[in-house]
Amino acid sequence: MVISIEKTVDETTLQAVHKAHELRRPPRYFVSAMLAGAFIGVGEILLLTAVSPLVAGHSGWVKLVEGAVFPLALTMVMFAGAQLFTSNVMVMLVGALSGRTGWKDLAGSWSLSLFGNFVGALGFGAMVHASGVTSAAAPHAMLTELLAGKSALDGGQLFWRAVLCNFLVCLGIWMFTRAKGDGAKTFVLWLPIMVFVSAGFEHCVANMALYGIGIFDGSATFGQLFHNLAFVVPGNIVGGGLLVGLAYWFTTGAKRTDYARRDAVAEGRPVVEEAPERELVGSHHG
């Protein structure tokens, strides 16, 4: 069973409100974002250590196994709880469109989570390098090959792969919110992530983690990472924010509601700004 699309929009809006409230404590928000960056790094190191023997053996199962193991990273983010930029793109845009949170909240969430993810991913990369796990022949060769493949892509390819990536990531999170039961939530989250990894799409935080490992390993540079992010971050915003968040907000027939005015009227407080009352009008999807 799943909840309706209208209720999913409402639930996503409440998530945005919660995130906006957490922004009042920037250090805590930043640490939570660092954790998300590290969790994504866990998926990358699992991919390198578990799949590299298959790469070395020229197995035809490489792409499918890559897709099967990496979704552990987003599963950790969702169940443990952490501020991941790519999901915040969708959540905060829905909150802003609904009128429950502001554009300032959106900008604050996006920027602080992105920077926190960056620091967390690099910190995890430093620890992985110190552990010596990627110094073995197979993981090191796979890391070098993956980074070389990303660096060979032009800006347009990076952008559109990023659009497709976060379209799938946020679709997984959207279905996670709709599903009932931990087993169902895990399953519907796993599937789109498996597709994006197997297809070779571009996720900015995953790239932070992969390049971070490579930077400490000597296989990549900060210049290469920033070049990648210059195209992948905007693509992730389009894919998750517009193709999922805006699309589902629009398909419910939702209209922007002046929540501050509505709540003031309900509580008998003075209304600071006069504006016509607007309601959230839902269709009957799902």
Q: With a 3.5 Å cut-off and no angle check, do the side chains of H203 and N236 form a donor-acceptor pair?
A: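 Judged by distance alone, the side chains do not pair up.
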Q: So does Q157 have more than 12 non-hydrogen atoms from other groups sitting under 6.0 Å from CD?
A: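 Correct, the count exceeds 12.
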Q: Look at atom CZ of F79 and say whether more than 12 heavy atoms of other residues, nucleotides or ligands are closer to it than 6.0 Å.
A: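 Yes.
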Q: Name all residues meeting the ring-ring contact (aromatic ring centres under 6.0 Å, His included) criterion together with F231; count only those two or more places apart in sequence or in a different chain, and write none if there are none.
A: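 H227.
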Q: Which atom pair, heavy atoms only, marks the closest approach of T86 to C204?
A: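 Smallest interatomic distance, heavy atoms only, reads CG2-SG, 3.9 Å.
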Q: Can you check whether G108's main-chain N or O pairs, donor with acceptor, with S111's side chain at less than 3.5 Å?
A: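 Indeed, once roles are kept as given, a pair shorter than 3.5 Å links the two residues.
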Q: Mark yes or no for whether S98, through its side chain, and R100, through its backbone, hold a donor-acceptor pair below 3.5 Å.
A: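 Here the side-chain-to-backbone pair does not exist.
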Q: Mind listing the closest non-hydrogen atom pair of E202 and N228 along with its distance?
A: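 Scanning both residues, the minimum pair turns out to be OE1-ND2, 3.4 Å.
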Q: Would you say T12's side chain and V91's backbone share a donor-acceptor pair under 3.5 angstrom?
A: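 Pair absent, no side-chain N/O of T12 close to backbone of V91.
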Q: Donor-acceptor pair, S198 side chain versus V195 backbone, under 3.5 Å?
A: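 Here the side-chain-to-backbone pair does not exist.
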Q: Is it true that F124 and F216 have ring centroids separated by less than 6.0 Å?
A: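 Centroid separation for F124 and F216: 6.0 Å or greater.
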Q: Check whether any side-chain N or O of S59 sits under 3.5 Å from a backbone N or O of V55 as a donor-acceptor pair, and report yes or no.
A: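 Checking the backbone N and O of V55 against the side chain of S59, no donor-acceptor pair under 3.5 Å is found.
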Q: Determine whether a donor-acceptor pair (N or O, by modelled atom type, separation under 3.5 Å) exists between the side chain of W190 and the backbone of A68.
A: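 The answer is yes, because a donor-acceptor pair under 3.5 Å joins these two groups.
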Q: Is it the case that the side chain of S109 and the backbone of D105 share a donor-acceptor pair, with hydrogens and angles ignored and the cut-off at 3.5 Å?
A: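 No, because the side chain of S109 does not come within donor-acceptor range (under 3.5 Å) of the backbone of D105.
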Q: Looking at L74, I173, L168, which hits side chain to side chain contact (heavy atoms under 4.5 Å, CB included) with P192?
A: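 Answer after filtering L74, I173, L168: L168.
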Q: Is it true that the side chains of Q224 and Y211 contain a donor and an acceptor less than 3.5 Å apart?
A: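 No, Y211 and Q224 have no side-chain donor paired with an acceptor closer than 3.5 Å.
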Q: For the pair T252 (side chain) and W249 (backbone), establish whether a donor and an acceptor sit closer than 3.5 Å, ignoring hydrogens and angles.
A: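 It does hold such a pair.
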Q: If you measure from the Lys or Arg side-chain nitrogens to the Asp or Glu carboxylate oxygens, is any gap between R28 and E22 under 4.0 Å?
A: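 Here R28 does not pair with E22 in a salt bridge, since their nearest N and O are not under 4.0 Å apart.
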Q: Is there a side-chain contact between F159 and V232 (heavy atoms, below 4.5 Å)?
A: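 With C-beta onward as the side chain, the pair stays apart.
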Q: Of all the heavy-atom pairs spanning L143 and G214, show the shortest one and how long it is.
A: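 Between these two residues, the closest heavy atoms are CD2-CA, 4.0 Å.
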Q: Return the minimal non-hydrogen interatomic distance between A36 and N117, and the atom names on each side.
A: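 Looking at all heavy atoms of both residues, the shortest contact is CB-ND2, 3.6 Å.
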Q: Please check if the side chain of R178 supplies one atom and the backbone of I3 the other of a donor-acceptor pair under 3.5 Å.
A: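 At least one qualifying donor-acceptor pair exists.
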Q: Going by ring-ring contact (aromatic ring centres under 6.0 Å, His included), name the residues that satisfy it together with F115, two or more places apart in sequence or in a different chain.
A: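 With sequence neighbours excluded, F115 shows a ring-ring contact (aromatic ring centres under 6.0 Å, His included) to F30, given in chain and number order.
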Q: Using 30° and 60° as the class boundaries, would you call the ring planes of F85 and W110 parallel, tilted or perpendicular?
A: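 Because their plane-to-plane angle is over 60°, the rings of F85 and W110 count as perpendicular.
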Q: Has S32 got a side-chain atom pairing as donor or acceptor with Q83's backbone, closer than 3.5 angstrom?
A: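 Such a contact is found between S32 side chain and Q83 backbone.
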Q: Could you pull out all residues at least two apart from E44 that satisfy salt bridge (Lys or Arg N to Asp or Glu O under 4.0 Å)?
A: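 For E44, no residue satisfies salt bridge (Lys or Arg N to Asp or Glu O under 4.0 Å) once neighbours in sequence are set aside.
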